Every structure is written in C-alpha cells, then in structure tokens.
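The structure under discussion appears below in the form of structure tokens.
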Amino acid sequence: MKKLSISVGLVSTIATLGALPAAHAQSSTGPSSVTPSSVTMYGLMDAGLVQEGGVSKLTSGVSAGSRLGLRGTESLGNGLHAVFTLEAGVLSDSGRSDQAGQLFGRQAFVGIDSPLGMLTVGRQYNLQSQALTDVADPFEGGLAGAATNLAGYSATRIDNTVRYTSPEWRGVTGTVMYGAGEHTGIAADQRSLGLALGYVNGPLTLRLARQSRAGEPGKADVNNTILAGNYNFGVATAFAGYGRNTGDGSSMFFAENPYGAAQAPAQSTDSRDAIVGVSVPLGATTLLASYVRKDDRDAANRDAQQLAIGATYALSKRSKVYVAYAHIRNRNDAAYMVGNATEVGSGNRAFNIGLRHAF
C-alpha cells in the first residue's frame, strides 16, 4: 500500500500543478489581471542491459537517471521571478520511485531569480559533484565510464540547502550553498558548505568547486575540491579534472567487502583524483573515452585506476542509444566497483547497452 500511495501521490501532484495555469486563466477577468507565468512538465526515460560481476540485468537510469519533473516561473515585476523545480526519480524497469522512495528525490526547490542573481532553497545538487559530472567527465556521470566510480564524493544531492548563484559577468559566475544538518542534539552533524566559481568563454569551460560537510562527533570534517575543465576543438572535446578529498566519507566506500579481501576495506580519508577524457562527434555518433586515477594518500595506499570507452548514437534530437565498457584495477585491497548513473555496481568491470529518451 505504501508503494501505491507514492505513485498515486505523484500522479495527483503533477496533475494538480499542471492544471494551475489553465485554472488561473479561466478565473481572470481580462489580460491585465494575468500574471505572466508558466509551468513545464519534462522528463527522461532510460533503460539498459547491464552485465557486471557475472550477472546480466535490465536496469533503469544507466546513462542518466530516469525522471519526471515540473519546472515553473512567475513574473513578479521589476525583473523578479518566482521559480520552482520538482523532480521525481523513476525506475523505468519497475515503475517505482527512485532515491529510496522519496517523492521528489532528485530535486525540490523554490526561490527568486533577479538581476542580482538566483536564490533557491530545498533539496539541491552538491556543487563538487556537479563540477565533476558536468565539466570534467565525458560520460557525464553515467554509463559504465562514470568518473564518479572513483572520483569525488558519493552524495549527489543535499537536503535543507540555501543556494545563491550570481549573475554572469564576462563569463564568470559564482555559487555558494549552505546546508543545515538539522540533526537534533548534534548541531554540527551533516552541516555543509559549498562554493563554486565557473568561467565560460566560447569553447572553454572551467569550474573550481568545493563541498564541505561537518564530520560526526570525533571524526574529521569532509572536504571535496575539484578543478574541472573542458575545451571543444570542433573535431573533439577534451576533458580534465583534478580533485582533493579529505575526511571520513570523502571517497566512495563499500563496507560489505565486495571482493572478499583478507583485510576488510577501510575508508580513504585522504586521496587525489585525476581525470582525462575525450568525446569525438562523428555525425550522429559520439565516441567517448576516459581514464580516472584514485591516488590514496593513506598508509594503506588503496589506489585504483579506471579505463572506459563508449559511444552514443542519436536517433533524433531527444532519443539515443548507447554502449559502454569500463574496467577498474584495484590495488592493495581497494574495493571500488564499476557502476553507472544510478547504481554503484557489483564488480570491477561492466558492459552497458541501452536507450534513453528525453521529453
């Protein structure tokens, strides 16, 4: 019954919100009483065959998480706009909700956009994670080649955040985000601070981002920093990134000891990430390749390297098929696994083939 109520609630919410503009127009007495506003429904459905760890399965969200969302804006006058986004993760292979059943688990925020910048509050993206997937990774955080298999911090989104993004000035934008931990009795637990500075000039994109989170009692704070960039040469786009991660939980960790190592895995508390990659458009086909290195600076020296190749083929502007393969070489009982956009994986190599459609 709980799963049914989540699905019914989602449909009812979308139907109600989607009807708001029409209802408003019907109740207006004339054009002068209508406040310019819009609500847009959008989405993406992705499903693919994943072969990993000796298992073949059909999986949702291989290249990108399947989703259904609503995005709205209303003009308030004097250059001000009220904005909101509600985005629900969907499992295309089962129809259930993603993000552990959260109704709008991908994004949920409301705010004000103005000539002085945009201020939003709610569940929003980790700034370091965004820089990694949007700027440094040719696989954009998806498919078997996702750089997130090794690099950066695994928490893609943060609850209870206040985020400000500055207006663009000569290609430069800045973002600051504060997250309230809201843990009773432990004031510092899970509080977070994110900072990002971006620069775009024609074919060049650069972004420096840092996401920090207060550690639990007795543990060091978690800090993830990345300098990411890409350059479009026309015939190909080159990608690169370098990251520094410190603190308990600053890198991906699998407590279940997936490879059965004699010594149980331990979290890396000090590591560096290096990423290089390329995408090559050939008509409707785009070839992808990347190399990611995790340099563990702890005494255990649990390093890892990932090599990935892939390709997409555009069937239309909104539909594409994809294929990818990645292999991770773990050292000194490191336990990193090849995942994709929505799963952490189950082995050190994986093959994907699938389809995605955006609407």
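Just so it is clear, the model here is predicted, and its values are computed rather than measured.
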Contact check, side chains of [X] and [Y], non-hydrogen atoms, under 4.5 Å:
X	Y	answer
Phe351	Val323	yes
Tyr125	Arg163	yes
Ser166	Tyr164	yes
Leu288	Tyr322	no

Can a donor-acceptor pair be found between the side chains of [X] and [Y] at a distance below 3.5 Å?
X	Y	value
Ser60	Asp93	no
Asp46	Ser63	yes
Arg210	Asn223	yes
Asp298	Thr269	yes

Contacts of type ring pair (Phe, Tyr, Trp, His ring centres under 6.0 Å), residue Phe233, not counting sequence neighbours: Tyr231
[atom1] of [X]: more than 12 outside heavy atoms within 6.0 angstrom?
X	atom1	value
Tyr42	OH	yes
Glu140	CD	no
Arg272	CZ	yes

